[in-house]
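To start, the structure itself, in structure tokens.
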Amino acid sequence: MGDTPEVRLNTNHDFSELLKRISACTICDGLELGPNPIFQIDQNAKILIVGQAPGRITHTKNRPFDDPSGDRLRRWLGVDRTTFYNDPRMGIFPMGLCFPGGGKGGDAPPRKECADTWRLPVLSHLRQVELTILMGRYAIDWHAPKHKRSSVAGAVSSIDPAIAKSIILPHPSPRNMRWFKNHPWFDAEIIPALQKRVAAILSP
């Protein structure tokens with residue numbers, strides 16, 4: 001028998017084509033501001049940030065975390081804006097890729113169709129991720145279902161950011177100031193360990 005050509009599903013070309021399809025996605029009907037998938041991902045990502053879905057400001061700016069929440073998140077990670085946005089080792093792929101619209105008391109939940117359609121295909125290409133950062137209940141439930149019934153504080157405190165493959169953080173939104181104030185151990189213990197871990201992953 002002759003040699004059988006190897007079938008490779010995880011090539012850069014395949015991934016590039018997948019991202020093009022995601023960028024052009026319109027599967028969610030009736031979005032308040034229309035479809036606009038926002039993410040930042042490279043096949044060489046080593047750190048994957050998983051949030052809920054873009055907010056109204058992010059939709060307008062067409063850039064994730066370009067707001068006070070992002071400033072706080074970058075401080076938590078110990079990285080500057082250049083690293084956050086331009087280093088291919090930093091990836092951002094939320095549970096919902098488009099602004100889901102306004103809801104009661106805030107934004108509506110991420111659209112389920114988004115994760116159902118795109119999440120596994122993208123994750124199957126991300127073979128170099130060393131740390132996944134989960135923020136928000138939908139990210140936790142999908143990636144770390146054993147913490148479904150845990151409080152955010154309980155989930156955060158149960159994971160060692162120095163060694164864990166996935167960690168859970170509260171959302172860095174200014175709306176969570178009371179949470180930060182009520183849990184001073186987060187800034188005192190979790191953040192220094194997280195910054196050390198991120199620095200090690202991103203070291204040359």
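Keep in mind that what you see is a predicted model, and the values were worked out from it rather than measured.
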Task: Min side-chain heavy-atom separation V198-V79 under 4.5 Å - done: yes
- [ ] Report the relative orientation of the aromatic rings in W185 and H183; use parallel for angles under 30°, tilted for 30 to 60°, perpendicular for over 60°.
- [x] perpendicular
Open item on the list: Once rounded to the nearest 0.5 Å, what's the spacing between atom NZ of K112 and atom SG of C28?
Closed with: 11.5 Å
Open item on the list: Closer than 3.5 angstrom, by distance alone: can the side chain of Y85 be matched with the main-chain N or O of P64 as a donor-acceptor pair?
Closed with: yes
Task: I167 side, atom CD1; M135 side, atom CE - distance, nearest 0.5 Å - done: 9.5 Å
Task: Distance-minimising heavy-atom pair for T58 and P54 - done: CG2-CB, 3.7 Å
TODO: Evaluate whether atom NZ of K146 has more than 12 neighbouring non-hydrogen atoms of other residues, nucleotides or ligands under 6.0 angstrom away.
DONE: no
Task: CD on Q40 to CG on N86, rounded to 0.5 Å - done: 8.0 Å
TODO: For N36 and C98, indicate whether the former's side chain and the latter's backbone hold a donor-acceptor pair under 3.5 Å.
DONE: no
Task: S124 side chain to P121 backbone, donor-acceptor under 3.5 Å - done: yes
Task: Any residue meeting ring pair (Phe, Tyr, Trp, His ring centres under 6.0 Å) with W142, in chain and number order, not counting sequence neighbours - done: none
Task: Residue F84 excluded, over 12 heavy atoms near CZ under 6.0 Å - done: yes
TODO: Kindly work out whether a path of hydrophobic side-chain contacts (I/L/V/M/F/W/Y, heavy atoms less than 4.5 Å apart) joins I191 to I163.
DONE: no
Task: Test ring pair (Phe, Tyr, Trp, His ring centres under 6.0 Å) applied to W118 - qualifying residues, sequence neighbours left out - done: none
Open item on the list: Is the shortest side-chain heavy-atom distance between K46 and L131 below 4.5 Å?
Closed with: no
Task: Q52 (side chain) donor-acceptor with Y138 (main chain) under 3.5 angstrom - done: yes
Open item on the list: Between L123 and V129, does the side chain to side chain contact (heavy atoms under 4.5 Å, CB included) criterion hold? Intermediate values first, please.
Closed with: CA-CA 9 Å; L123 294 180; V129 172; over 6 Å; no
Open item on the list: Can you tell me if I57 has over 12 outside heavy atoms packed within less than 6.0 Å of its CD1?
Closed with: no
TODO: For the residue pair E113 and D29, establish whether any side-chain heavy-atom pair is separated by less than 4.5 Å.
DONE: no
Task: R56 (side chain) donor-acceptor with G101 (main chain) under 3.5 angstrom - done: no
Open item on the list: Looking at K148 and I140, would you say the former's side chain and the latter's main chain have a donor-acceptor pair under 3.5 Å?
Closed with: no
Task: S69 side chain vs F65 backbone, donor-acceptor pair below 3.5 Å - done: no
Task: Reported OG1-to-CZ distance for the pair T117 and R111, which is rounded to 0.5 angstrom - done: 10.5 Å
Open item on the list: Please determine whether residues L33 and L97 belong to a single hydrophobic cluster, defined as Ile, Leu, Val, Met, Phe, Trp and Tyr linked transitively by side-chain heavy-atom distances below 4.5 Å.
Closed with: no
- [ ] Using a 4.5 Å cut-off on heavy atoms from C-beta on, say whether the side chain of W76 contacts that of L169.
- [x] yes
Open item on the list: Under 4.5 Å between side-chain heavy atoms, counting indirect links through other Ile/Leu/Val/Met/Phe/Trp/Tyr residues: same cluster for F99 and V50 or not?
Closed with: no
Task: Heavy-atom donor-acceptor pair, S173 side chain to N176 backbone, under 3.5 Å - done: no
- [ ] Of all the heavy-atom pairs spanning G96 and C114, show the shortest one and how long it is.
- [x] CA-SG, 3.9 Å
Task: Qualifying residue for side chain to side chain contact (heavy atoms under 4.5 Å, CB included) with I47, from M90, E130, R197 - done: M90
Task: Residue pair I41 / L126, side-chain heavy-atom distance below 4.5 Å - done: yes
TODO: For H147 and R137, run side chain to side chain donor-acceptor pair (under 3.5 Å): C-alpha distance rounded to whole Å, both residues' side-chain angles, the deciding distance at 0.1 Å, then the answer.
DONE: CA-CA 9 Å; H147 292 289; R137 178 51 57 187; over 6 Å; no
TODO: State plainly whether one hydrophobic cluster holds both I92 and I38, where clusters connect Ile, Leu, Val, Met, Phe, Trp and Tyr through side-chain heavy atoms under 4.5 angstrom apart.
DONE: no
Open item on the list: Using modelled atom types and a 3.5 Å cut-off, is there a donor and acceptor pairing between side-chain atoms of S23 and backbone atoms of K20?
Closed with: no
- [ ] To the nearest 0.5 Å, tell me how far L194 CG sits from I190 CD1.
- [x] 8.5 Å
Task: Close side-chain approach of D14 and E17, heavy atoms under 4.5 Å - done: no
Open item on the list: Using side-chain heavy atoms (C-beta onward) and a distance below 4.5 Å, is Q43 in contact with Q128?
Closed with: no
Task: Same apolar cluster (I L V M F W Y, side chains within < 4.5 Å links), L120/F93 - done: yes
Open item on the list: Show me the pairs that pass salt bridge (Lys or Arg N to Asp or Glu O under 4.0 Å) and involve residues 80-103, at least two apart or across chains.
Closed with: D66-R81, D87-R89
